[in-house]
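Side chains included, hydrogens not; waters and symmetry mates left out as well; all remaining heavy atoms used.
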Amino acid sequence: MEAQVKRRVFLLLVSCIWVPMMVLGGTENVTVSSLSRPKVVKFGALFTVNSVIGSSVMPAILAAVDDVNADSTVLSGTKLDVVTQDTNCSGFIGTIDALQLMEKEVVVAVGPQSSGIAHVISHVVNELRVPLLSFATDPTLSSLQYQYFLRTVTNDYFQMYAIADLVDYYGWKEVIAIFVDDDNGRNGISVLGDALAKKRAKISYKAAFSPGATMSDIDDLLVSVNLMEARVYIVHVNPDTGLSFFSKAKKLGMMSSGYVWIATDWLPSVLDSSDSNKDTMDVLQGVVALHHHTPDSDKKKTFASRWKNLKSIQTSRFNSYALYAYDTVWLVARALDLFFKNGGNVTFSDDPSLRDTNGSALKLSSLRVFDQGQKLLQILVGMNFTGLTGQIQFDPQKDLIHPAYDVLNVVGTGLRTIGYWSNYSGLSVITPEVLYTKPANTSTSNQHLYNAIWPGETIKRPRGWVFPNNGKPLRIAVPFRVTFEEFVKKDKGPAGVKGYCIDVFEAAIDLLAYPVPHVYILYGDGKRNPSFNSIVNDVAQNKYDAAVGDIAITTNRTRIVDFTQPYMESGLVVVAPVKETKSSPWAFFKPFTIQMWGVTGVFFLFVGSVVWILEHRMNPEFVVHRGNNSLQCSGENTLSTLGRCVLIFWLFVVLIINSSYTASLTSILTVQQLSAGITGIDSLISSPDPIGVQDGSFAFNYLIDELHVPKSQLRIIKSEAEYVSALQQGPKGGGVAAIVDELPYVELFLSNSKCIFRTVGQEFTKSGWGFAFQRDSPLAIDLSTAILQLSENGELQRIHDKWLSNNECSSQNNQVDDTVLSLSSFWGLYVICGGACAVSLVVFICKVYCQFLRYDPETEEPEISEPESARSSRRSLRSRSFKDLMGFVDKREAEIKDMLKRKNSDNKKQISHSSDVQQNSPV
């Protein structure tokens with residue numbers, strides 16, 4: 001009985017507790033969750049405290065922990081605690097500290113700042129399932145290999161692309177990268193190389209130094225890079241030792257005009273977190289640097305005002321890493337709050353793969369696995385809130401969205417913002433927050449920055465490269481020509497070569513604002529012209545720095561080298577022998593083809609007949625001489641509108657034909673005819689006759705590859721004397737029908753040969769001659785500008801007149817076949833004239849037919865008294881014949897009009913008489 005009573009009391013107590021909980025309903029989860037939450041949850045912080053980054057990060061982390069614990073809306077009932085470990089700028093010690101941190105069963109690890117340590121620790125957290133929120137910027141840490149790695153600062157991948165956009169914006173093609181030879185340095189510069197390649201730029205030299213390099217090592221490195229051509233330096237080093245580079249560069253004179261220094265975000269981090277003195281800023285004058293962009297906000301201003309009152313501060317100022325650290329702690333707090341609300345528990349279990357070996361003091365078994373680490377990681381990746389640095393949200397690669405940088409310029413005693421960069425719209429003077437509200441636009445025309453002040457206190461954009469005093473001279477390949485030595489040939493002078501091409505190159509070099517030491521190297525054996533394709537290929541393969549000579553700019557060559565602006569127009573033409581045309585008594589027939597003569601004669605007769613038909617009824621000259629056809633043909637005046645219209649069209653046709661005939665006849669009487677029937681490139685390649693090509697010319701490959709001329713049909717011409725003999729012998733005498741060559745050679749050849757040959761047809765390719773340089777050579781751009789200046793000031797023409805003869809032959813041959821006029825050129829005129837005649841005839845016929853229908857032949861007969869019934873019977877029996885119509889057509893217009901008037905008058909009288917009879921008749 002007593003047991004039953006106790007049982008009933010227990011059930012009553014349970015119901016008193018359970019029923020209210022069920023009634024509350026909506027608060028049930030919160031209550032249960034609060035019961036499962038730990039009182040304290042720990043996360044770890046792994047940084048080098050006494051460093052530029054650590055001195056800003058640690059106070060920010062401690063401040064954020066205090067703010068989280070003071071906020072009752074986050075982690076209610078649970079205190080957030082931080083466990084710190086100091087890595088002491090050592091990769092080994094940092095790794096040990098990270099393992100010790102994992103022993104303390106933290107749910108999240110924040111840090112480290114070192115990419116080397118982050119690589120090692122990422123393997124550890126993967127095994128222990130502890131999310132790692134790191135400030136390491138190494139781009140390779142975004143790999144899928146590191147599942148639990150989450151970066152809470154901007155990835156260096158975007159910073160390197162920002163630098164590539166800067167280099168491209170200012171038009172530089174080569175840079176020298178100076179970096180620490182560690183994971184962060186190597187991998188960052190590797191991405192920079194890829195980014196520059198997409199802009200057709202490159203890293204010409206990678207100047208790496210060890211993390212423990214001495215000042216002597218740095219000095220030697222700067223001396224070596226100063227001997228190189230590139231003057232754009234990208235400095236990607238550690239913030240704790242970076243300033244020493246610029247001090248050494250200042251002593252070596254490398255902070256003067258002509259040099260470009262671009263620093264990554266380490267430099268603004270140093271300057272932001274320290275009270276920079278005047279000496280430091282003097283060293284950095286003109287340097288351009290990237291700085292993490294964080295939008296201005298009230299939260300950011302409030303944090304800045306609190307900085308000097310925070311715990312553990314070492315400096316009176318802070319850098320952008322302090323803002324990222326503060327947001328990272330709040331990211332952890334908000335994620336843990338959601339983790340606990342979703343029923344998460346902080347529990348750890350042993351990892352069977354971690355067992356202490358006999359005699360080991362590492363105690364690996366103390367490292368335990370966070371059971372719900374995967375769940376917490378998914379919550380962290382999906383977080384979205386606004387912090388001091390802006391929107392905190394991650395993309396699928398676990399990078400912060402909206403990466404952006406400020407582009408800063410060290411000027412005077414401070415940093416000046418000259419623009420911004422974002423992966424959304426590239427370089428701009430508008431803040432990224434404004435651009436995010438507009439459509440993305442990364443086009444070249446949309447890239448803008450304010451003017452920068454460069455080293456040497458100049459706003460003029462540095463060229464970015466020079467020929468150093470201790471550098472090697474430019475190795476220039478020059479074709480050792482056998483033919484047409486006026487363009488380039490061997491010489492006994494100091495340069496070793498001379499000619500038109502050499503003078504143009506030297507004149508262009510003299511216009512540059514810097515010296516260009518160079519040496520000419522003859523290419524070829526001097527027995528035959530070298531292959532110009534081989535010269536270009538050797539330049540592309542770095543056997544020579546450039547090639548100067550009569551080098552044609554072709555599509556295939558531009559794929560492997562860079563050419564300057566053309567200094568000589570060129571193109572392929574056909575040259576063939578000619579002979580004088582003998583005079584002929586029938587030469588006046590030659591301007592027109594037989595078909596043309598026939599059609600013109602027919603139209604003379606046709607138009608004359610049409611005019612006669614239109615005029616003979618009203619023109620007095622035709623009327624007076626009616627019956628005399630010869631006299632009718634001599635009529636001079638036209639009176640009818642239709643006749644005049646026909647004559648206008650015909651006179652227009654005659655005017656054009658007469659002018660064309662005169663011009664053609666004049667040309668025929670003074671023309672030189674080709675000895676062969678070659679009229680141009682089309683007729684040449686369609687015939688089986690041999691074709692001559694200059695030795696070494698690109699015309700050989702062009703005819704085979706582009707025009708599909710059989711190789712067996714081509715003959716290599718190796719000398720100017722062979723040019724003459726091959727053309728004079730012709731295909732039947734063992735020579736060639738014509739020669740295909742470049743226009744400058746042909747003009748010189750025609751002049752030297754006293755113009756006994758002529759070009760045939762039109763120039764069928766358009767190109768030019770230029771100087772070839774290795775890809776992305778800045779010298780090609782500067783020389784192009786110099787060549788344009790030579791053209792504008794007349795120096796290019798003066799050099800041309802010095803070397804090349806002004807006795808030009810006619811470049812285009814007026815051949816008989818070309819000057820003969822055929823019907824195909826004039827059929828449109830004949831169609832217009834014929835159409836005008838046809839329309840006039842149709843109108844005339846319609847007019848005459850209408851008159852004929854009203855015409856009554858009886859009106860012409862004398863009136864004889866006869867009964868009306870007899871007259872009607874006779875009219876009905878008589879029909880109008882074709883003969884009547886033709887007779888009507890031949891009548892004078894005036895007669896027809898008079899007859900029609902009389903008929904109308906008679907009709908009116910009859911109608912009036914009939915009306916009177918009806919009125920007088922009895923009803």
Side-chain angles (χ1 to χ4, degrees), residues 167-168 171-176 193-206 228-230 232 464-467 471-481 487-488 496-497 501-502 504-505 508-509 512 516-525 528-568 570 572 694-702 704-706 742 765 767-787:
V167 172
D168 182 62
W172 299 313
K173 293 300 181 182
E174 292 187 11
V175 303
I176 292 177
D194 295 338
L196 289 172
K198 294 180 180 180
K199 304 291 184 180
R200 287 199 64 183
K202 66 179 180 179
I203 301 175
S204 61
Y205 183 71
K206 295 182 180 180
M228 300 177 184
E229 295 180 4
V232 181
W465 69 279
V466 295
F467 283 99
K472 296 180 180 179
L474 206 65
R475 300 164 301 166
I476 299 179
V478 177
F480 195 170
R481 295 195 58 87
F487 293 107
V488 60
V497 290
C501 301
I502 301 301
V504 172
F505 181 76
I509 289 292
L512 301 181
V516 182
H518 57 277
V519 58
Y520 295 113
I521 304 173
L522 287 172
Y523 192 97
D525 56 10
R528 58 180 298 183
N529 292 337
S531 170
F532 285 82
N533 285 337
S534 298
I535 297 177
V536 173
N537 288 331
D538 286 350
V539 172
Q541 295 173 9
N542 199 27
K543 294 181 180 179
Y544 302 96
D545 298 309
V548 171
D550 44 337
I551 303 173
I553 303 172
T554 65
T555 303
N556 290 335
R557 293 173 182 175
T558 57
R559 294 191 177 105
I560 57 177
V561 296
D562 284 347
F563 280 95
T564 62
Q565 173 79 15
Y567 63 88
M568 168 76 87
S570 180
L572 293 179
Q694 184 185 177
D695 191 16
S697 173
F698 83 95
F700 185 84
N701 290 332
Y702 180 85
I704 296 174
D705 299 336
E706 301 296 332
E742 296 178 62
T765 66
S767 61
W769 288 355
F771 305 129
F773 289 85
Q774 294 179 11
R775 290 299 294 266
D776 303 321
S777 172
L779 190 58
I781 300 174
D782 291 350
L783 278 178
S784 293
T785 304
I787 290 172

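The two residues Val548 and Pro479 come nearest to each other via the heavy atoms O-CD, 3.3 Å. Across all non-hydrogen atoms, the minimal contact from Ala786 to Ala508 is CB-O, 3.5 Å. In plain terms, the two heavy atoms of Ala477 and Ile535 that are nearest each other are CB-CG2, 4.2 Å. Across all non-hydrogen atoms, the minimal contact from Ser767 to Ile553 is CB-O, 3.6 Å. The minimum heavy-atom distance linking His518 with Val516 is given by the pair ND1-O, 2.7 Å. Taking all atoms of both residues into account, the shortest heavy-atom contact from Pro530 to Gly524 is CB-CA, 4.3 Å.
Taking CG of Asp562 as the start and CG of Leu783 as the end, the distance is 12.0 Å to the nearest 0.5 Å. Summarising the geometry, atom CG belonging to Leu474 is positioned 6.5 Å from atom CZ belonging to Phe773; distances are rounded to the nearest 0.5 Å. Put simply, CD on Glu706 and OG1 on Thr555 are 8.0 Å apart, with the number rounded to the nearest 0.5 Å. Distance check: Asp695 CG to Phe532 CZ gives 9.5 Å after rounding to the nearest 0.5 Å. Separating the OH atom in Tyr544 from the OH atom in Tyr523 is a distance of 6.0 Å, to the nearest 0.5 Å. Between Ile787 atom CD1 and Gln565 atom CD the span is 7.0 Å, to the nearest 0.5 Å.
Counting only heavy atoms from C-beta outward, the side chains of Asp782 and Trp465 approach each other to under 4.5 Å. Residues Arg557 and Asn533 form a side-chain contact, since some pair of their non-hydrogen atoms from C-beta on lies under 4.5 Å apart. Using a 4.5 Å heavy-atom cutoff, the side chains of Asn556 and Asn701 are not in contact. Using a 4.5 Å cut-off on side-chain heavy atoms (C-beta onward), Met228 and Ile176 make contact. By the 4.5 Å heavy-atom criterion applied to side chains, Glu229 and Leu779 are not counted as neighbours. Taking 4.5 Å as the limit, some side-chain heavy atom of Val561 sits within range of a side-chain heavy atom of Phe563.
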Derivation of the side-chain contact (heavy atoms from CB on, under 4.5 Å) call for Phe480 and Val497: CA-CA 9 Å; Phe480 195 170; Val497 290; over 6 Å; no
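Although no hydrogens or angles enter the test, the distance criterion places no donor-acceptor pair under 3.5 Å between the side chain of Ser570 and the main chain of Glu742. Under the 3.5 Å distance criterion, the side-chain polar atoms of Ser204 are matched with a main-chain donor or acceptor of Val175.
Aromatic pair Phe771/Tyr567: ring centres closer than 6.0 Å.
The salt bridge (charged side-chain N to carboxylate O under 4.0 Å, His left out) test applied to Arg481 returns Asp550, not counting sequence neighbours. Considering only residues two or more places apart in sequence or on other chains, Asn542 meets the side-chain contact (heavy atoms from CB on, under 4.5 Å) condition with Arg475, Asp545, Gln774.
Salt bridge status for Lys173 with Asp776: absent, with no side-chain N to carboxylate O gap under 4.0 Å.
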